[in-house]
2 protein chains.
Amino acid sequence: MTEIRQPSPRRGTNLPRMGDFNLTVILDAIRRSTAGLSRVELAQIVGLSPQTISNISRRLLDQHLIIEAGKEGNGPGKPRTILQLNPSGMYAVGVHLDPAVTTFVVLDLVGAVVKHSRINTPGGSDPAAVIATIAGEIKKLVDESGVDASKIAGLGVAAPGPIDLEHGTVVAPPLLAGWDRVPLRDALAEATGLSTLVDKDVTSAAVAETWAGGPSGSGSFVFMYMGTGIGCGIVLNDELVRGTSGNAGEIGHIVVDPDGPPCDCGLRGCVKSSCIPQVLVAQAVEAGVLEHDDAGDSGAASAIQNSFAKLFEAAEAGNSTAAEIIDRSAVLVSRAVAVITNTLDVERVVFGGPFWNLLSERYLNRIPELLEGSSAARQIHGIEVVGTGVGEDVGAVGAACLVLEHTLAPRSQRLLLEG
Amino acid sequence: MTEIRQPSPRRGTNLPRMGDFNLTVILDAIRRSTAGLSRVELAQIVGLSPQTISNISRRLLDQHLIIEAGKEGNGPGKPRTILQLNPSGMYAVGVHLDPAVTTFVVLDLVGAVVKHSRINTPGGSDPAAVIATIAGEIKKLVDESGVDASKIAGLGVAAPGPIDLEHGTVVAPPLLAGWDRVPLRDALAEATGLSTLVDKDVTSAAVAETWAGGPSGSGSFVFMYMGTGIGCGIVLNDELVRGTSGNAGEIGHIVVDPDGPPCDCGLRGCVKSSCIPQVLVAQAVEAGVLEHDDAGDSGAASAIQNSFAKLFEAAEAGNSTAAEIIDRSAVLVSRAVAVITNTLDVERVVFGGPFWNLLSERYLNRIPELLEGSSAARQIHGIEVVGTGVGEDVGAVGAACLVLEHTLAPRSQRLLLEG
DNA sequence: GTAGGGGAATCCTTGACTGAGATCCGCCAG
DNA sequence: CTGGCGGATCTCAGTCAAGGATTCCCCTAC
């Protein structure tokens, strides 16, 4: 399709934008430091003058986003006052809308989970009812958490793709019948009264890493989301890559095994058809490692999870066939990762997602070496491979982080004037 | 390899940066308009006040980067004075260092070629001698072009990858013996006295598209460089993606044909082993479409080019086997493109490079449809597929555009304070 | 001549930068 | 134990520079 798209012109910037941006830069520096920073250290790090740091610090203190947390003086002279994030300065609500379970979290400013809950995603094909249920659960969660409602910056929703970022809709997700182009963002915003953001689950996970993942969440990296499917979130130079419509990170049809099983796309050995949990479980059943009990049927998410866990137990117990299936999947996944890292030349790959706990040990043993071997830039720099520190609620945590990121992260977009 | 990389902290911004940035924004808006813009139009487009536009216009006029080009008044009132780029306001020199030929261009501010020349890349394994030859050729070219030396902003060099952007070196290019980690940037800067930038050839081509490619060079797109190999340049939201070390765009080992020939990476049917010109020519020879004359031997670049052209002549003349080989390569290339566009969710794919002239008709007939079918976001937006307007010198033109882009493009990086 | 739009001069606001002063603490001598 | 000294941190005024708002002048069409 060759449609005409009028170029969205570059916008200028002005003083207030600059001030706001510098504020977020300083907040970001404090956030990324483990134990807080003094004003002098901040001046060195962000390159602004000490006075500017002082002024902005005051604004941040007034907004209760940071606090003065003691002093640190080892030498002579006035000790430095340490500035730290005030965890209770702001909160965000996150919802991970998954076909099987819907997870809710309330996050504080440092990215810690204040309260979380989980419900089975209501079935049926009536999105309006589901949205009402979700809104009710959010209200309940916020009430129980005891958080001051005025300090809640907003609501983030992580949904399975594809989505339409501009309109805040989910577009025909495979496992949610009747959800074609439901205006999820606007409906939830109205039902909860919170300003709402919708994004893809894998994108949200990557944002969780930048916000709550520590040092591995900075710079340029790819977040490999190991869930029911495999997707990735992309962060380049500390800024998220969402794509034109918010659908970046669709890697399910990268061919990783020329000898693999046929895929619905017409090729063979795609990621989607050769290394997602459902396929590995099926392989295990066929090889006789797992019973053909509840695993093979409709493929309910929890059943897959159970069978997948059993596969790893078998491998742990010494079943070499099970180990082989898993290790082979590591090889395949590493090939997909290599395609992405070679295309984008990132410095790090972060693994995470609901199934990562099971995979981590074996994958981290094998993938770094495999990746090194197929990296186009291996003569210039290595590629760090790590597992995320954010736990299994990464989808919902990431959803809440969408709000924090949108409100407080130093995005260069923030500098530009709006249309 | 899991190395520790200290996070490069976010920097703040200040007033002078802001002023410079707004200047580049305005210049960019004028550049992207086909027939120039008035101050009032500029104010609407970039969002700044008319007075700021006026002030910045004055600065640009003082620097002779823009000129007032007549008036336009159809209704009542004072007619608008049209501001246009002054082509002779700035120049840049570009060199495309290819294993076979080295191309030189002098570019003016609008991206038009003022003067160009071409030499066979000196053989032998003495980079110093080659660099001296190049520097001499640059000097000659600049002299002959009659351009005021003080108006030359710098020298851009497009080199085959991999490169080390930080050090400005080329790292072991496959076809340039003895060129391991040669400090190309510094050597040429010293030899010519010009401030010098080095980048990958495919990246340069993408920059050429943003600077001289018209409307198809804006927004987010992937530039598919069809040369001796196939690589891509990536532009997201009007900013180039270079990657950590400048090596983004290595897509040679994306598997596009599970039934394809084995590749040195251990898989089968990679881009590199199934759809580059050399492979298509070999297929044609095997199928009896082409003679096994000079094509099959050492694979000299010019020989490949000749044979490749003959293949297209045959197809044009009605040889169905030749047409099949070419059309099949379009299918394979479209698969690689689909992997990239699904990963990055861009709005456009731009094809170009030395072999594009031959490919364009058949590829443009087939690839849009193929891509549409395998696009993950096809329900949200289509993907524009176009050929570049920049001609066969795209490597050298892009190299020169590297300088213009670095000097004049509104990169958000420009706003941030330096370390 | 009048109306209406474009462009420039002037003043204002705001943000960061510069230099001087106040604050705080450890150290050392009496 | 106490008070002065020194060093580093932080803050207070003043300056600079950029964009914003208002006003005025100029130009053209009717």
Side-chain angles (χ1 to χ4, degrees), chain A residues 10-26 29-30 36-62 66-83 410 414-418, chain B residues 10-26 29-30 36-62 66-83 410 414-418:
Chain A
R10 276 270 165 191
R11 310 285 296 180
T13 187
N14 61 12
L15 265 168
R17 296 266 160 186
M18 185 171 80
D20 288 350
F21 179 79
N22 280 345
L23 186 130
T24 62
V25 168
I26 291 179
I30 295 175
L37 290 171
S38 71
R39 292 174 174 79
V40 187
E41 288 166 319
L42 277 169
Q44 287 175 347
I45 290 173
V46 305
L48 296 169
S49 69
Q51 294 67 24
T52 304
I53 303 291
S54 217
N55 294 339
I56 294 179
S57 303
R58 198 174 308 117
R59 284 170 61 192
L60 287 168
L61 285 166
D62 288 347
I66 61 172
I67 47 174
E68 295 192 333
K71 304 188 179 253
E72 179 192 70
N74 34 7
K78 180 173 178 178
R80 305 172 167 183
T81 44
I82 301 299
L83 302 174
R414 182 187 302 282
L415 275 162
L416 307 183
L417 296 167
E418 278 143 22
Chain B
R10 279 268 162 191
R11 311 282 298 179
T13 186
N14 60 15
L15 265 169
R17 298 267 159 184
M18 186 171 80
D20 288 351
F21 179 80
N22 280 344
L23 185 132
T24 62
V25 168
I26 291 180
I30 296 175
L37 289 171
S38 72
R39 292 174 175 79
V40 185
E41 289 167 318
L42 278 169
Q44 287 175 347
I45 290 173
V46 306
L48 295 169
S49 69
Q51 297 65 24
T52 304
I53 303 291
S54 219
N55 294 338
I56 294 179
S57 302
R58 198 174 310 117
R59 284 169 61 193
L60 287 168
L61 286 165
D62 288 346
I66 61 173
I67 48 176
E68 294 192 333
K71 308 206 176 233
E72 179 191 72
N74 34 7
K78 179 174 176 177
R80 305 173 167 184
T81 42
I82 302 298
L83 302 175
R414 183 188 303 281
L415 275 161
L416 308 184
L417 297 166
E418 278 144 19

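Numbers restart at 1 for each chain; the letters A, B, ... are given by sequence-line order, proteins then strands.
Each of A:Ile82 and A:Thr13 was matched to the nucleotide of DNA chain D holding its nearest heavy atom; the match closer to the 5' end belongs to A:Ile82.
At the phosphate of C:dC17, OP1 or OP2 sits under 4.0 Å from a side-chain N or O atom of B:Asn14. Side-chain nitrogen and oxygen atoms of A:Thr81 include at least one within less than 4.0 Å of the OP1 or OP2 phosphate oxygen of D:dC10. Considering only side-chain N and O atoms, B:Ser54 lies under 4.0 angstrom from the phosphate OP1 or OP2 of C:dA8. One finds a side-chain N or O of A:Arg80 lying less than 4.0 angstrom from the OP1 or OP2 phosphate oxygen of D:dT9. OP1 or OP2 of D:dG20 sits under 4.0 Å from a side-chain N or O of B:Thr52. The side chain of A:Arg17 contributes no N or O atom lying less than 4.0 Å from OP1 or OP2 of D:dG20.
Atom CG in B:Leu48 sits roughly 20 Å away from atom P in D:dA17 (whole-Å rounding). One can place CD of B:Glu68 at 15 Å from P of C:dG6, the figure rounded to the nearest angstrom. Straight-line distance from the CG atom of A:Asp20 to the P atom of C:dT14: 13 Å, rounded to whole Å. The CG-C1' distance, from B:Leu415 to C:dG15, rounds to 14 Å in whole Å. The separation between A:Ile56 atom CD1 and C:dT14 atom P is 16 Å, rounded to whole Å. As a whole-Å value, the separation of B:Met18 CE from C:dC17 P is 12 Å. Straight-line distance from the CG atom of A:Leu61 to the C1' atom of D:dT11: 14 Å, rounded to whole Å. Distance, B:Phe21 CZ to D:dG19 P: 12 Å, rounded to whole Å.
Using a 4.0 Å heavy-atom criterion, one finds that B:Leu42 contacts no nucleic acid atom at all. Residue-level contact check: B:Asn22 touches the backbone only, with heavy atoms under 4.0 Å from sugar-phosphate atoms and none from bases. When heavy atoms are screened at a 4.0 angstrom cut-off, A:Leu23 is found touching no nucleic acid atom at all.
Set against D:dG19, C:dT18, D:dC10, the side chain of A:Arg39 has D:dC10 as its closest nucleotide. Taking every side-chain heavy atom of B:Gln51 into account, D:dA21 is the closest of D:dT11, C:dG7, D:dA21. Listed nucleotides: D:dA21, D:dC10, D:dG19. Nearest to the side chain of A:Val40: D:dC10. Listed candidates were D:dA17, D:dG19, C:dC25. Nearest to the side chain of B:Leu15 is D:dA17. Closest to the side chain of A:Ser38, out of C:dT18, D:dG19, D:dC10, is D:dC10. Distances from the side chain of A:Arg58 to the nucleotides C:dG6, D:dC12, D:dA18 place D:dC12 closest.
Atoms CD and CD1, on B:Glu68 and B:Ile82 in that order, are 10.0 Å from each other to the nearest 0.5 Å. Note: B:Leu417 CG to B:Thr13 OG1 = 5.5 Å, rounded to the nearest 0.5 Å.
B:Leu15 is listed as a side-chain neighbour of A:Met18, based on a closest heavy-atom distance under 4.5 Å. Counting heavy atoms from C-beta outward, B:Ile56 and B:Arg39 have side chains that stay 4.5 Å or more apart.
Checking B:Thr24, B:Ile30, B:Leu23 one by one against B:Ile26, the side chain to side chain contact (heavy atoms under 4.5 Å, CB included) holds for a single residue, B:Ile30.
Looking at A:Glu41, its side chain has no donor and acceptor atom pair within 3.5 Å of the base of D:dT9.
No donor-acceptor pair closer than 3.5 Å links the side chain of B:Arg414 to the backbone N or O of B:Phe21.
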